[in-house]
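Source: prediction; values computed, not measured.
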Amino acid sequence: MLLKKTFLILAALFMTDFVLTKENPMKKLSMNVELNSGYEMPVLGLGTWTLTGGTCENVVYTALKSGYRLIDTARYYGNENEVGNAIHRAINDGICKREEIFVTTKLVPWSNAPDKDIDDSLQKLGLEYIDLVLLHQHGSDSGDDAVYKAMIRGVKAGKIRSIGISNFYTEKSVLHFINDFEISPAVIQNENHLKYQNNALRDWASKKGIYIESYYPFGGRGHTSEHLKNPEVLKIAEAHKKTAAQIIVRWHLQSDYIAIPGSSNPAHIAENFAIWDFELTENEMEKLAALDIGRRYENW
């Protein structure tokens with residue numbers, strides 16, 4: 001009788017552990033990844049493209065309050081001051097600490113003074129260092145190289161922790177930054193969504209120790225509805241009792257992309273972050289992968 005009771009207890013413990021392992025997605029999907037620079041980067045953040053003024057500051061503050069720790073901006077956006085103000089508000093209000101926040105900004109390739117641009121971004125953001133600086137897009141070869149070299153100098157000076165590139169979509173274009181510079185990109189930020197998944201670049205970059213970050217995770221302005229109203233996405237959302245946006249964000253993360261959905265709506269900001277308590281099945285991931293038609297919406 002004692003042996004039988006002991007067996008039942010051990011069996012119950014085993015089944016409990018199995019259920020936790022199978023059902024808890026946090027065991028399979030980390031909220032951070034380690035970059036080739038040695039620093040950790042959150043896999044889900046807020047994009048701030050088109051956000052300006054007080055709206056931008058309040059949106060970033062709301063995102064930090066909702067749990068986001070990755071904030072993406074750029075000199076071209078003209079909102080680094082507002083992003084910095086929101087970060088300091090959140091820190092002063094005890095919502096988070098500076099070391100918990102990962103800030104990304106970008107430098108334009110046509111700059112004549114990229115070193116000064118880095119200092120200006122630091123000043124506008126009100127930060128002692130920037131977690132990630134990206135070359136915003138391809139300009140001229142000489143312009144790209146000048147900016148990338150300035151970013152490397154920024155790393156050596158302690159102003160920047162990690163560097164990368166944006167809007168580079170082929171192995172050939174990325175190889176230049178791997179082979180010809182002493183610091184390789186840690187991140188490539190590109191347009192990625194259900195209609196344009198670019199798995200080949202993701203898989204190749206992964207072997208090089210580089211993460212792909214998705215901007216326009218819902219397809220970008222003017223194309224969001226065709227993603228959020230896709231019948232396959234809606235069917236999967238219904239099965240999980242989640243929204244279409246949450247299904248798409250979760251798909252990005254389970255596909256090993258970093259994602260930065262943008263929104264000015266506090267409810268949507270919170271909604272996009274509430275994706276840690278469920279997991280897409282392998283079959284669902286395959287159905288979403290089948291939506292890829294290789295279609296980009298921008299030509300940057």
**Prompt:** Is a donor on one side and an acceptor on the other found under 3.5 Å between the side chain of Thr48 and the backbone of Leu51?
**Reply:** no

**Message:** Nearest 0.5 angstrom please: Leu132 CG to Ile71 CD1, how far?
**Reply:** 13.5 Å

**Asked** His193 vs His227 aromatic rings, parallel, tilted or perpendicular, using cut-offs 30° and 60°?
**Response** perpendicular

**Request:** Give a yes or no answer on whether the side chain of Arg69 reaches the backbone of Leu64 with a donor-acceptor pair at less than 3.5 Å.
**Result:** yes

**Request:** Might you confirm whether atom OH of Tyr297 has over 12 heavy atoms from other residues, nucleotides or ligands at distances under 6.0 Å?
**Result:** yes

**Request:** Give, for atom CD1 of Ile212 and atom CG of Asp203, the distance between the pair rounded to the nearest 0.5 Å.
**Result:** 9.5 Å

**Prompt:** Taking everything shown except Glu128 itself, do over 12 heavy atoms lie less than 6.0 Å from its CD?
**Reply:** no

**Leu70 side, atom CG; Asp72 side, atom CG - distance, nearest 0.5 Å** = 6.5 Å

**Polar side chain donor-acceptor pair, His240 to Gln246, under 3.5 angstrom** = no

**Prompt:** Can you tell me if CD on Glu99 sees more than 12 non-hydrogen neighbours from other groups inside 6.0 Å?
**Reply:** yes

**Item:** Pairwise distance CD1(Ile248) to CD1(Ile275) - rounded to 0.5 angstrom
**Value:** 13.0 Å

**Request:** Might you confirm whether atom CD of Glu100 has over 12 heavy atoms from other residues, nucleotides or ligands at distances under 6.0 Å?
**Result:** yes

**Request:** Kindly check if the number of other-residue, nucleotide or ligand heavy atoms within 6.0 Å of CD (Gln123) is above 12?
**Result:** no

**Request:** Determine whether Val108 and Ile165 fall in the same hydrophobic cluster, where Ile, Leu, Val, Met, Phe, Trp and Tyr are linked whenever their side-chain heavy atoms lie under 4.5 Å apart.
**Result:** yes

**Request:** Side-chain contact test, heavy atoms from C-beta onward, threshold under 4.5 Å: evaluate it for Leu201 versus Phe168 and give yes or no.
**Result:** no

**Asked** Counting only N and O atoms by type, is there a donor-acceptor contact under 3.5 Å from the side chain of His136 to the main-chain atoms of Tyr76?
**Response** no

**Message:** I'd like to know if the side chain of Tyr257 and the backbone of Trp251 have a donor-acceptor N/O pair within less than 3.5 Å.
**Reply:** no

